[in-house]
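The next block holds one structure in the form of structure tokens; read it before the comments.
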Amino acid sequence: MADDMIDDTDRDILNALQGGFPLTERPFADAAQDLGLAEADLIGRIGAMLDGGVASRFGPMFDAERMGGAFCLCAMAVPRERFEAVAGLVDAHPEVAHNYERRHALNMWFVLATGSPERIGAVVADIERETGLAVLAFPKLREFFIGLRIAA
Amino acid sequence: MTHLTLDEADRRIVAATQAGLPLDPRPYERVATAVGIPTSEVVTRLGRMLETGVVRRIGLVPNHYALGLTENAMTVWDVDDRELLRLGAEVGALDFVTHCYERPRRPPLWPYNLFAMVHGTTAEEVAGKIAAIARLVDPHCRGRDVLVSTRILKKTGLRIPT
């Protein structure tokens, strides 16, 4: 658990560096100064948090949609007795980035990630044909601003 | 959604950094060497991508599960369309909401137009957070549901085509 894996300094780093990493010649040195740390200490701690799985990534977070890619949340109502087989068919598509079983009449929720918006419809049609089930697509119509931070 | 055209050098920077920045005192210099352009150009181009939104931010991504945020709930709300802009902004501003979107209704099975993802360390904590959203939207909300995930069927990292 988090309490065993990270100390207060790691927590400060996680809270301070979820965005705004400097675009400077020595960015770790600049960020470390704000945190009251040495450059090498900050680099070492970020590396340890990545290795330990406390942080999953460090670097620029790209917006795939602004680069021409597309995402779409989709859902299906899958009969209980066919659930495992349908999950296999859906998961086999490389465009399925993640897939969750959820407690609802719509019990399978997955996200498609494609290189172009046109591909979304094609993959939805493929999954409907393979499974014989309707796929409801829930494209994002508007994204509401989210604060950057998960409190660590 | 505006699609921004990235040129060849931008795409090489994306390819060189989407797995992460080098943990080196001069990370942009390392990227510049890999891409084959001057360091100052890497910095300028990343700065421009930040301004245009191609780069959302530069920093550290915490792992929700490792931080103990093991409970998640997809909360969905049928909000009066006339109030959606205001209420969506208010829900998105709550510090425990990690994603907040308007999505189309699919009646009759799915009357909901506002999606807000909530994370927490315990089911009770998540329930309290859902109640806080409800206090904001209830005056203009005709229905809601909470979908907890019972199993991860597939989870792969999102790779950006370059």
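Basis for what follows: all heavy atoms, side chains included, without hydrogens, waters or symmetry-related copies. Lettering follows sequence order; numbering is per chain, from 1.
Of the listed residues (Leu50(B), Val146(B), Val42(B), Thr17(B)), the one with the most heavy-atom contacts under 4.5 Å to chain A is Thr17(B). Of the listed residues (Glu101(A), Glu39(A), Arg26(A)), the greatest number of heavy-atom pairs within a distance under 4.5 Å of chain B belongs to Glu101(A). Among the candidates His99(B), Glu90(B), Glu29(B), Met74(B), the residue making the largest number of heavy-atom pairs closer than 4.5 Å to chain A is Met74(B). Of the residues considered (Gly20(B), Pro22(B), Pro25(B)), Pro25(B) shows the highest number of contacts with chain A, using heavy-atom pairs under 4.5 Å. The most heavy-atom pairs under 4.5 Å with chain B, out of Ile13(A), Leu106(A), Ile46(A), Leu42(A), come from Leu106(A).
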* Using the side-chain contact (heavy atoms from CB on, under 4.5 Å) rule, take Lys154(B) and Val90(A) through it: C-alpha gap first, then chi angles, then the decisive distance, then the call. => CA-CA 9 Å; Lys154(B) 182 178 185 182; Val90(A) 170; over 6 Å; no

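Ring pair Trp110(B)/His104(A) is perpendicular by interplanar angle, where above 60° counts as perpendicular and below 30° as parallel.
Between Arg66(A) and Thr52(B), the shortest heavy-atom distance links the atoms CD-O, 3.6 Å. Contact record, Phe138(A) with Pro104(B): CD2-O, 3.5 Å, taken as the closest heavy-atom pair. The two residues Leu21(B) and Pro60(A) come nearest to each other via the heavy atoms CG-CD, 4.0 Å. Residues Phe115(B) and Leu73(A) come closest through the heavy atom pair CE2-CD2, 3.7 Å. Here the shortest heavy-atom pairing between Glu102(B) and Phe144(A) reads N-CE1, 3.8 Å.
For Leu85(B), the parts sitting under 4.5 Å from any heavy atom of chain A are the backbone and the side chain alike. Proximity to chain A (any heavy atom under 4.5 Å) is restricted, for Asp24(B), to the backbone atoms N, CA, C and O. Within the 4.5 angstrom heavy-atom criterion, only side-chain atoms of Leu114(B), from C-beta onward, approach chain A. Using a 4.5 Å cut-off between heavy atoms, Met49(B) touches chain A through its side chain atoms alone. Heavy atoms closer than 4.5 Å to chain A are found in both the backbone and the side chain of Thr150(B).
Distance alone, capped at 3.5 Å, places no donor-acceptor pair between the Arg56(B) side chain and the Gly19(A) backbone. When atom types are taken as modelled, the side chain of Asn63(B) and the backbone of Gly53(A) share a donor-acceptor pair closer than 3.5 angstrom.
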